[in-house]
Each structure stands twice: as structure tokens, then as C-alpha cells.
Amino acid sequence: MSKDKYETMGQQFGRRSWAEPWKVKMVEPIKMISQAERKKAAEEAGYNTFLLRSEDVYIDLLTDSGTSAMSDRQWAGIMLGDEAYAGSRNFYHLETAVQEYYGYQFIVPTHQGRGAEHLISQALIEEGDYIPGNMYFTTTRLHQELAGGTFVDVIIDEAHAPQDQHPFKGNVDLQKLQSLIDKVGADKIPYVSLAGTVNMAGGQPVSMANVRALRELCNQHGIRIYLDATRMYENAFFIQEREEGYAGKSIAQILKEFCSYTDGAWMSAKKDNLVNIGGWLAVNHEEVAEKARNMVVVYEGLHTYGGMAGRDMEALAIGIAEGVNDDQVAARVGQVRYLGDLLLAWNIPIVEPIGGHAIFLDAKRFYPHIPQDQFPAQTLAAELYMDSGVRSMERGIVSAGRDPETGGHRYPALELTRLTIPRRVYTQAHMDVVAESIKAIFDAREQTKGLEMVYEPEYLRFFQARFKKL
Ligand code: P70
């Protein structure tokens with residue numbers, strides 16, 4: 001190889017290289033099992049990556065949820081756990097951190113995001129209500145349905161088009177929302193369910209202009225807005241990068257302004273907040289807080305721990321402040337982009353623009369010969385695992401589940417395989433291994449066949465469904 005080929009990745013992409021704003025202090029060994037063992041493990045797991053043992057996984061990109069590396073300060077916080085049943089000092093740290101960074105008034109801790117989704121859904125939704133939102137999320141929609149509501153997708157059309165370059169594909173289509181209000185009446189809409197960096201759309205952000213306009217429309221009709229704040233730090237990064245007037249503001253400032261247009265939020269703290277377990281609900285209306293506090297003692301734990309240990313709340317309080325740091329968010333999104341840019345350079349179909357937390361392979365374009373009811377995204381996840389031990393997740397027809405009315409599959413426009421990057425865990429070399437493996441299965445795509453579903457659980461079927469090779 002000629003000497004001038006020896007360029008750093010930064011040089012190859014025509015920029016100066018950058019590095020993560022942390023160094024490694026503790027490591028966890030990983031290894032790749034043989035290809036024969038991976039094939040056997042995949043078959044035993046029914047070709048569902050959720051059913052693999054993590055020890056059989058080499059690079060785990062199943063999720064960025066609860067998989068972050070905590071800092072030395074967070075681990076030190078673990079030692080400061082006040083494990084009192086009631087009134088733990090760590091709860092007050094958590095409460096102060098949420099108030100300071102998100103700006104909401106009343107905080108109810110929960111064991112993780114879906115615990116908070118359960119509380120808010122039960123507190124606000126009545127049988128026959130409609131909940132408009134910027135694309136469904138699996139657990140969020142299920143809790144809304146279990147509370148008697150019907151979710152209505154009001155995201156802009158561009159969100160359903162994997163190659164559309166709209167900078168804020170998470171935006172709410174205000175006309176779609178207005179039509180719903182005209183059709184069912186504002187009194188049937190308890191709140192708008194707004195999510196930052198929309199997970200199922202590929203980690204696509206909502207603009208500040210959009211949330212501001214949404215607030216105005218909702219004010220006219222007396223409708224509240226509750227935010228899924230799970231990945232709002234990344235959303236704030238995209239506003240800082242793309243929206244006029246925000247380049248000079250910090251992620252923390254942008255976050256607080258964004259939240260100020262909403263009435264409260266639920267949080268899976270296992271993402272942005274850099275902890276392995278935890279969640280919270282935060283609201284500005286006392287009566288909603290009271291309902292949530294009444295319920296949390298039934299389903300989670302006392303209202304000053306909500307399913308977390310004192311030490312977990314301490315690590316969470318510290319993680320809230322660490323995660324919102326500008327260098328941290330830029331490095332996090334930068335690593336996702338590094339992987340995505342490699343794939344784009346090799347003409348591998350992914351969702352664009354590259355989102356905040358993951359690369360989403362577009363399985364419809366990857367495997368155009370596999371019909372959607374033979375599960376192309378599930379197939380892709382299985383093939384990737386068998387090639388290199390890299391674990392990803394289906395986000396297509398299996399995740400979409402069945403229509404409660406007709407009982408048939410929902411056929412989502414997006415049939416995606418998600419490569420989710422944990423925070424502060426993997427290096428650039430890991431990303432290179434992942435990219436090369438995707439390239440290998442892409443090159444072998446024409447010989448790849450789809451799957452048949454042989455077991456399907458009742459709720460959130462993607463977690464436990466089993467498949468056979470066709
Ligand atoms: C993921 C995780 C969790 C999540 C989320 C948003 C935008 C709420 C939650 C729930 C875990 C997951 C969940 C369901 C299916 C697959 C994976 N997302 N809102 O990997 O929070 O998990 O703490 O209860 O992304 O995307 P929690």
C-alpha cells in the first residue's frame with residue numbers, strides 16, 4: 001500500500017480529527033465466539049436479538065438504554081446512597097437536578113421510562129380519548145392504549161420517508177393536529193404526546209420553532225403538552241447545530257427553553273441521563289403531580305424513591321448534569337455520525353439525516369426482494385449477528401405489532417434495523433468493525449432469505465417473538 005494512503009479517518013473525511021472528552025479507567029473484556037457458535041446461538045434465540053445471551057454478543061448495539069458507562073463521579077455517588085425508605089437525601093438531589101436542568105416543578109421518580117408512561121397515561125387519559133403524537137413509540141403507545149386512549153400520528157410526512165433530508169423530521173404537522181381537534185373535539189384530547197429526537201423515525205429532532213407553534217395552537221384549545229424527554233439532549237444539539245439563533249446557546253439553555261413550552265415530561269433516564277436504571281415524571285400542575293404520587297406508591301414504590309435505590313438516584317442526579325455537557329453530546333452524536341458517514345460512503349441504505357442515538361439501516365432498500373411480512377429488518381439483524389456478533393434491533397413490522405381493531409399486522413412505512421450506540425462505551429475501532437460487517441452482509445444480500453414468525457406474545461411482541469428461516 002502506498003504511504004499516502006495512511007491517513008487518519010478525519011483526514012479521509014477532509015477534517016481535523018476530534019476525540020471523546022473522557023478517558024477510560026475501567027474495562028470490561030469482550031470476545032467474539034466462532035461463526036458456528038453464532039449460527040447456533042441465533043437459531044436457539046429464534047432469530048430474535050432480544051433472546052440472545054449477552055455473553056454471545058461481541059459488540060452490543062441493541063440499545064443505548066441503560067448501557068452507558070458511568071463516570072468516576074457517578075460511581076462515587078453510588079457510595080453515597082441514603083437507603084432510607086422515606087425522604088432519602090438522594091431524592092432531593094434528583095429533584096433539584098430535574099428542576100434545574102429541565103425546569104419542571106414536581107418530580108416523581110420511577111424505576112424507568114415506562115413506569116412514568118404508565119403514571120401519566122393513567123392520570124390523564126380517559127376511555128375514548130385521543131392522544132396525538134409525533135410518531136408512536138412502542139411502550140408509550142401501549143400505555144396510552146391500556147388507559148383507554150387511541151394514539152394518532154401527527155408527525156410531518158417527511159418523517160416516514162427514510163431519505164428525505166428535512167432537518168427536523170420529528171416536527172409535529174400542526175395541520176394534522178388541527179384536523180384531529182376539528183374531528184374529535186379538544187375535550188377528547190387530554191394532551192399532545194411530544195417526543196424529542198423521535199426514536200422510531202431514526203432519532204430525528206423537533207425544532208424550537210415547531211414546539212413554540214405547537215404551544216400556541218394548544219393554548220387556543222386548552223390542550224396540554226407532555227414531552228418524552230428521553231433523548232432531549234440530542235434534540236437540543238440538533239437545534240444548536242441547525243436552527244437560526246441557537247448556535248451560541250448551550251445544550252442546557254436550549255433544553256430549558258424547549259421544556260418551557262411543555263407542561264411536563266416523562267423520562268427514561270437510562271439514556272441521556274447516563275444511568276443503568278431509572279426514570280422520572282416531572283410536571284408543572286399540582287393536580288397531575290398529586291395523581292401521579294397517589295399511583296406511584298401502588299406500582300413503583302414510595303414517592304421519594306419510585307423503584308430506585310437511593311444510590312441509583314444519586315448516580316442519576318450526577319448523570320443529569322454530566323450528560324447535558326456540550327462536549328459530551330457533541331462527541332456522542334459525532335460517534336453515531338462517524339459510523340453513518342462510513343456507511344453512506346459505501347452506498348449502504350440508512351435513514352437520513354443521521355439521527356442522534358443510532359444508525360438505522362433501511363431494510364426495504366437493503367433487501368428489496370424480501371416482502372415486509374417476511375420481516376426484512378428482523379432478517380438483517382439476524383444476519384449481522386451471525387456475520388460478526390454485532391447485536392442490533394428490529395424497528396419495523398414486528399415492532400409495529402397488530403392493529404387492535406383488525407388484528408392484522410400494522411405495516412409501517414419504515415422497516416428499519418437499529419444500530420444503537422451506547423454512551424461512552426465503544427471506540428472508533430468498534431465502529432469500524434461494525435461498518436465492515438454491515439458491508440459484508442450487504443454484499444451477500446441477494447442470497448439472503450426472509451423469516452417466518454413461529455411464536456408471537458400478546459404484548460410488545462418484538463421482545464419475545466420467535467422466527468424460523470424460510
Ligand atoms: C430503546 C429503549 C425506551 C424508551 C424510549 C422512548 C423514546 C420511552 C422509552 C421507555 C428500550 C426499548 C423499549 C421498547 C422497545 C425496545 C427498546 N427505549 N420513550 O432501546 O423507557 O425502556 O426506560 O422503560 O426510547 O429505545 P424504558
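Atoms within each ligand, like the ligands themselves, are counted from 1 in listed order. The model shown is predicted, which means the values in this text are computed figures rather than measured ones. What's counted below: heavy atoms across the whole structure, side chains too, no hydrogens, waters or symmetry copies.
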Stepwise ring-ring contact (aromatic ring centres under 6.0 Å, His included) test for Y226 and Y191: CA-CA 7 Å; Y226 287 95; Y191 63 97; 5.5 Å; yes

Working for side-chain contact (heavy atoms from CB on, under 4.5 Å), residues Q99 and I107: CA-CA 8 Å; Q99 286 167 341; I107 285 82; 3.7 Å; yes

side-chain hydrogen bond (donor to acceptor under 3.5 Å, both in side chains) assessment of Y305 paired with E300: CA-CA 8 Å; Y305 75 85; E300 304 276 323; over 6 Å; no

Evaluation steps, side-chain contact (heavy atoms from CB on, under 4.5 Å), between L281 and M267: CA-CA 6 Å; L281 177 68; M267 180 72 187; over 6 Å; no

Worked check of side-chain hydrogen bond (donor to acceptor under 3.5 Å, both in side chains) between Y233 and N325: CA-CA 9 Å; Y233 294 175; N325 174 276; over 6 Å; no

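The proximity of R418 to ligand 1, defined as any non-hydrogen pair under 4.0 Å, is limited to the side chain.
In summary, the atoms of ligand 1 found under 4.0 Å from a heavy atom of T230, numbered by their order in the structure, are 6 (C), 19 (N). Residue-ligand proximity, T138 to ligand 1, at heavy-atom distances under 4.0 Å covers atoms 14 (C), 15 (C). For ligand 1, the atoms sitting less than 4.0 Å from at least one non-hydrogen atom of K270 are 23 (O), numbered in the order shown with element in parentheses. Atoms of ligand 1 lying under 4.0 Å from at least one heavy atom of F463, given by number and element, are 14 (C), 15 (C), 16 (C). The atoms of ligand 1 that sit less than 4.0 Å from any heavy atom of M393 are 16 (C), 17 (C), 20 (O). Of all atoms in ligand 1, listed by their number and element, those nearer than 4.0 Å to a heavy atom of T63 are 1 (C), 20 (O).
In this structure, atom 15 (C) of ligand 1 lies nearest to the protein heavy atom F462 CE1, 3.1 Å. With respect to atom 9 (C) of ligand 1, the closest heavy atom belonging to the protein is F137 CE2, 3.6 Å. Residue, atom and distance of the protein heavy atom nearest to atom 8 (C) of ligand 1 are E117 OE2, 3.1 Å. The nearest protein atom to atom 23 (O) of ligand 1, hydrogens excluded, is given as S268 OG, 2.6 Å; this is a heavy-atom distance. From the protein, the heavy atom lying nearest to atom 27 (P) of ligand 1 is Q112 NE2, 3.3 Å. Of the protein's non-hydrogen atoms, T139 OG1, 3.5 Å is the one closest to atom 10 (C) of ligand 1.
Considering backbone and side-chain atoms alike, D228 places an N or O below 3.5 Å from some N or O of ligand 1. Polar contact check, D64 against ligand 1: no nitrogen or oxygen pair lies under 3.5 Å apart. The shortest N/O to N/O separation between L62 and ligand 1 does not fall below 3.5 Å.
Remark: side-chain polar atoms of E43 are not paired, donor with acceptor, to backbone N or O of K468 under 3.5 angstrom. Within the 3.5 Å criterion, the main-chain N or O of F375 finds a donor-acceptor partner in the side chain of T379.
For the side chain to side chain contact (heavy atoms under 4.5 Å, CB included) test, residues two or more places apart in sequence or in another chain that qualify with L180 are Y130, P132, V152, V184, I189. Take D403 and apply the side chain to side chain donor-acceptor pair (under 3.5 Å) test, not counting sequence neighbours, and it matches no residue.
Proximity of the aromatic rings of Y102 and W280 is defined here by a centroid distance below 6.0 angstrom, and this criterion is met.
A donor and an acceptor atom, one from each side chain of K271 and S65, are located under 3.5 Å apart. Between the side chains of S193 and Q144, at least one donor N or O sits under 3.5 Å from an acceptor N or O.
For the pair H357 and ligand 1, no heavy-atom separation below 4.0 Å is found.
Counting heavy atoms only, R114 comes closest to atom 22 (O) of ligand 1 of the residues M135, M232, R114, H111. Nearest-residue assignment for atom 18 (N) of ligand 1 (options R395, R231, K271; heavy-atom criterion): K271.
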